[in-house]
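Everything below concerns the one structure shown next.
Letters A, B, ... mirror the listed sequences (proteins, then strands); counts begin at 1.
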Amino acid sequence: MPHTSLVHLSHVDYVILIVYFAFVLGIGWALKRFMKTSTDFFLSGRAIPAWITGLAFISANLGAQEVIGMGASGAKYGIMTSHFYWVGAIPAMVFIGIFMMPFYYGSKARSVPEYLKLRFDEKTRGFNAISFAVMTVFSSGISMYALAKMLQLLLQWNYNFSIFISAIIVLIYIFLGGLTSAIYNEVIQFFLIVLGFVPLVFIGLHKIGGWDGLQAQLRVVAMNNHLAAGAFSHSWKYMGSASQNPMGVDWFGMVMGLGFVLSFGYWCTDFLVVQRAMAANSMSAARRTPLIAAFPKMVFPFLVILPGMIAIALTSKIGSGFSLPPQGNSYDYNMVVPMMLVKFFPSGMLGLGLTALMASFMSGMAGNVTAFNTVWTYDIYQSYIFPGQSDKHYLWMGRAATVGGIALSIGAAYLAHSFNNIMDMLQLVFAFVNAPLFATFLLGMFWKRTTGHGAFIGLISGTLAAAVHHGLTRPIGENALIKGGWLGVVVHRYPSDMAQNFYTAIFAWTVCFVVTIVISLLTTQRKTDEELTGLVYSLTPKVKDEPGVPWYERPVVLGVIVLVAVVILNIIFW
Amino acid sequence: MQLDIRLPMGLLFTLEGLIILLYGLISKPSIYVKSDNFNINLWWGLTITVFGLFLLLMAWNKMRYEKMK
């Protein structure tokens, strides 16, 4: 740990930071009077226009792990990182908007676990609710931990102070304004990130000699890594075999593992993002939420991945005056974004850039806390602990759960601080739980014969399959148990841990899919067709666009535009 | 009727933009060596201010429209 901070903030930077915090708290205060029922608090009274829920939809995902992580991956893997967007996120976002949202929004379920209860049974919901609640607490804790660690490194802020201040701010604004407060702050954070990162990319490109200068220097980077010269600046060309590209992944693992299982699993079933769409003011607004989100999501690689590519190019260029801090025989890639902020921005913009980063950490926390208090109150407290109370009671519980959720996140942040491996392990376990989930939803929504027992046993088997696959394989050159192979035998070695993750997901999904079908055919469907109306594709009348809706508000039209654009992007950067 | 988000957001960005813009006017040129001698505060502060004012205009327009109804 360095004893001097990397940069000194001047008064103007503090003023910018404080103005932002004052507005965040002020918005919570202003929204307080609208929080009259539990629906207001947990679902924003289902009254938010589509453009706001759309921006919140991506922003909830645009936490610091995303901003910092994508910058890091851009430096490590180059333009291939765009697959997380142009293969991963976008198709999944189109799919949920067009095909799945009618069931989520139309069923009037108040949460994803509640949908599982309506569609399947109590045990499937319980499993999902509890694993999701635990996961949100830890994710929010990790955000807090990462923020405090970054502030310590950059500005020498006290770890406890950073934890305390971020926890208290998030607590106040959610406590007062519930989901609406979280959504409004996510929208502001979205614009802060855009306004903070556009000039960062601009200055970075200027320093490296424009787009051409970047391409030229990335060829050097690729060759330093013993890869073909274009490996950092082509997204598909070197995907034929894993050894040719910096990610160490082949095209099948990429398309199926990341593009299909992981991305669809995240964007289509994670309540953290789905909750934003559920807050929309109409069915068509709910369907448009992920589609509106897809447009900015498509250009985000230029804001979050490009800085990483610029950083590694500058680092490898002698005399550029910029270098990533070394770590082992490589670099500390997580420092890409913070280092660029402090090296490129003068006071003034520096304050804004740091505000944007802090905002993204805090909205990462807030998103998890709002998802946690909803699932806790509706799916655990109201269902198992204290059913049949007045709405006022559950509104009170939601506020209490906000306090509890934040207290638990603080605990998680300190746990992460003292035992880094515990966090890695937990994230691994969550990955096992999440990987098969999309198979359950796909079958549940599109095959009416899927039964509760089938879904539940399928989910458990998929989770176990993920664990077993991970326990029997290892990436090349890795021997730590956290990287796999803990069952004692290593059956296969993957070229990289990313490839291992993708195949773990593919394996889990396939097992869940097959087992769910087999068990469903062996058990009887307890739900009648009437109960399943609105929950299953074949039993639900097709949603029609209201007459007179202009073309740019039709989900299918938007979806097609998004998909065409994303194909073009993939071709340009082939 | 909920709080129109464009109002607080417009205020926030107008204010932050003005702070950065003004700082760009009074700060010493030497601090811009970092950003390749480009006064990023001045120009980007101006951009943020314009964006903030645009949001305020939209919020104001909406309020006027609702009053007319």
Side chain from CB out, backbone as N, CA, C, O: work out which of these in [X] comes under 4.5 Å of a heavy atom of chain B, or both, or neither.
| X | result |
| --- | --- |
| Y184(A) | both |
| I188(A) | both |
| L352(A) | side chain |
| V24(A) | neither |
| I52(A) | side chain |
| S347(A) | both |

Practice task
Report the C-alpha distance between S363(A) and E186(A) in whole Å, list the side-chain angles of each, state the deciding distance to 0.1 Å, and finish with yes or no for side chain to side chain donor-acceptor pair (under 3.5 Å).
Solution key: CA-CA 6 Å; S363(A) 84; E186(A) 279 156 7; 5.3 Å; no
Fill in the blank from the handout: Heaviest contributor of heavy-atom pairs below 4.5 Å to chain B, chosen from G351(A), P346(A), S10(A), G348(A), is P346(A)
Completion exercise
Residue from V15(A), T355(A), L192(A) scoring the most non-hydrogen pairs under 4.5 Å with chain B is L192(A)
Axial cation check for [Y] ring with [X], 6.0 Å and 45° limits:
| X | Y | result |
| --- | --- | --- |
| R276(A) | F57(A) | no |
| K207(A) | F344(A) | yes |
| R288(A) | Y552(A) | no |

Handout entry: All pairs passing ring-ring contact (aromatic ring centres under 6.0 Å, His included) where residues 189-208 of chain A contributes a residue, at least two apart
Key = F190(A)-F300(A), F191(A)-F51(B), F202(A)-F38(B)
So which part of [X] gets closer than 4.5 Å to some heavy atom of chain A, the side chain, the backbone, both or neither?
| X | result |
| --- | --- |
| I20(B) | side chain |
| L15(B) | side chain |
| L21(B) | neither |

Practice task
Taking T315(A) for its side chain and L324(A) for its backbone only, find out whether a donor-acceptor pair lies under 3.5 Å.
Solution key: yes
Practice task
Determine yes or no for a side-chain-to-main-chain donor-acceptor pair under 3.5 angstrom, with D40(A) supplying the side chain and T37(A) the backbone.
Solution key: yes
Exercise for the section: Heavy atoms only, distances under 4.5 angstrom: which of G45(B), S35(B), S27(B) has the most pairs with chain A? Name it, please. Expected result: S35(B)
Handout entry: For R110(A), salt bridge (charged side-chain N to carboxylate O under 4.0 Å, His left out) partners two or more places apart
Key = E114(A)
